[in-house]
Amino acid sequence: MSAENDISDGAVVQAVLGGSKDAYRILVRRYQDALYRHALRMVKHPDEAADIVQRAFVNGFKKLERCHDPDRVGGWLFRIAANLCKDFLKSPRREDVSVEGAEIPLVGEGDVERDFERSETRRVVQAALSRLSAEQREAFVMKHVEGRSYEEMCGLLGVSKSALKMRVMRAREELQSLLGVYR
């Protein structure tokens with residue numbers, strides 16, 4: 001375990017605000033993987049997810065003095081990335097169809113029919129998720145894909161528990177409706 005892991009987020013933020021630009025790299029290393037996984041689940045495009053994470057860190061650096069609780073800078077950075085994901089999903093310029101990042105089933109020695117069914121199911125579910133509103137998709141992904149608790153989601157998104165439960169419930173209902181065709 002490196003000494004870097006022993007430094008609290010609050011101490012790192014104070015070092016950055018005190019003029020140590022290199023200290024910000026510690027925050028990037030701590031949170032880049034989690035932010036990327038979330039962005040990728042939201043936008044479904046690896047390059048876009050990487051761009052969103054990079055913009056989140058750049059925006060975070062520029063506005064670090066606005067982080068009211070330096071010990072919770074990870075949640076603050078997460079909210080920046082989550083908002084960028086929502087902006088991307090709302091953008092009329094984004095492409096809805098992309099060959100890049102498409103999942104192509106590989107035929108192995110296993111059951112070809114079962115592999116195809118899994119691939120088709122994954123494609124249908126991803127298509128249904130993409131039709132949810134950004135807020136519903138975000139809540140559903142955090143709860144059911146990332147396995148986060150409502151308390152953790154509240155801290156990361158700055159939204160009440162009841163609002164998040166409602167978003168997840170509405171996302172489930174919408175997904176049931178969208179996927180009902182495939183039953």
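Heavy atoms only: backbone and side chains are in, while hydrogens, waters and symmetry mates are out. Sequence positions, counted from 1, serve as the residue numbers for this chain.
Residue Val168 forms a side chain to side chain contact (heavy atoms under 4.5 Å, CB included) with just one option from Met142, His144, Glu173, Gln136, and that option is His144.
Note that CE of Met42 and CG of Leu129 are 9.5 Å apart. Values are rounded to the nearest 0.5 Å. The OG atom of Ser177 sits 8.5 Å away from atom CZ of Arg131, with the distance rounded to the nearest 0.5 Å. Interatomic distance, CG of Asn59 versus CG of Leu64, reported as 12.0 Å (0.5 Å rounding). Atoms CD and CD, on Glu146 and Glu152 in that order, are 8.5 Å from each other to the nearest 0.5 Å. Here Gln14 contributes atom CD and Asp71 contributes atom CG; the two are 9.0 Å apart, rounded to the nearest 0.5 Å. For the atom pair CZ of Arg55 and CG of Asn83, the computed distance is 12.0 Å after rounding to the nearest 0.5 Å.
Residues Val73 and Val12 have side chains not in contact (no heavy-atom distance under 4.5 Å, counting atoms from C-beta outward). Leu27 has its side chain within reach of Val13: a pair of non-hydrogen atoms, C-beta onward, lies under 4.5 Å apart. Looking at heavy atoms from C-beta onward, Asp9 lies out of side-chain contact with Pro70 at the 4.5 angstrom threshold.
Shown here is Gln32, whose CD atom has more than 12 heavy atoms of other residues, nucleotides or ligands within 6.0 Å. Atom CZ of Arg29 sits in a crowded spot, with more than 12 heavy atoms from other residues, nucleotides or ligands closer than 6.0 Å. The 12-atom threshold is not exceeded at CZ of Arg170, counting heavy atoms of other residues, nucleotides or ligands nearer than 6.0 Å.
The nearest pair of heavy atoms linking Cys154 to Leu164 is N-CD1, 3.6 Å. Contact between Ile52 and Ala39 at its shortest, heavy atoms only, is CG2-CB, 4.3 Å. Leu178 and Ala128 make their closest contact through CD1-O, 3.6 Å (heavy atoms, listed as atom of the first residue, atom of the second, distance). Considering all non-hydrogen atoms of both residues, Trp76 and Arg66 come closest at NE1-O, 4.3 Å. Minimum interatomic distance between Ala23 and Ala15 (heavy atoms only, all atoms of both residues): CB-CB, 3.9 Å. Counting all heavy atoms, side chain and backbone alike, Ala134 lies closest to Lys86 at CB-CG, 3.8 Å.
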Show your working on side-chain contact (heavy atoms from CB on, under 4.5 Å) between Val16 and Ile26 and close with a plain yes or no.
CA-CA 10 Å; Val16 174; Ile26 295 171; over 6 Å; no
Test side-chain contact (heavy atoms from CB on, under 4.5 Å) on Val159 and Arg167; report intermediate values, then the result.
CA-CA 11 Å; Val159 177; Arg167 287 179 188 177; 4.0 Å; yes
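Ring geometry, His38 versus Phe78: the interplanar angle falls from 30° to 60°, so the pair is classed tilted.
Cluster membership for Tyr36 and Val58, using ILVMFWY side-chain heavy atoms within less than 4.5 angstrom, is not shared. Residues Met153 and Met169 are members of separate hydrophobic clusters, defined by side-chain heavy-atom contacts under 4.5 angstrom among Ile, Leu, Val, Met, Phe, Trp and Tyr. Leu17 and Phe61 end up in the same hydrophobic cluster when Ile, Leu, Val, Met, Phe, Trp and Tyr side chains are linked at under 4.5 Å. Cluster membership for Met166 and Phe140, using ILVMFWY side-chain heavy atoms within less than 4.5 angstrom, is not shared.
In terms of modelled atom types and a separation under 3.5 Å, the side chain of Arg72 and the main chain of Leu156 share no donor-acceptor contact. A donor-acceptor pair is defined here as one N or O able to donate and one able to accept, closer than 3.5 Å; such a pair exists between the side chain of Tyr24 and the backbone of Phe57.
Using a 4.0 Å cut-off between charged nitrogen and carboxylate oxygen, Lys90 and Glu135 count as a salt-bridge pair.
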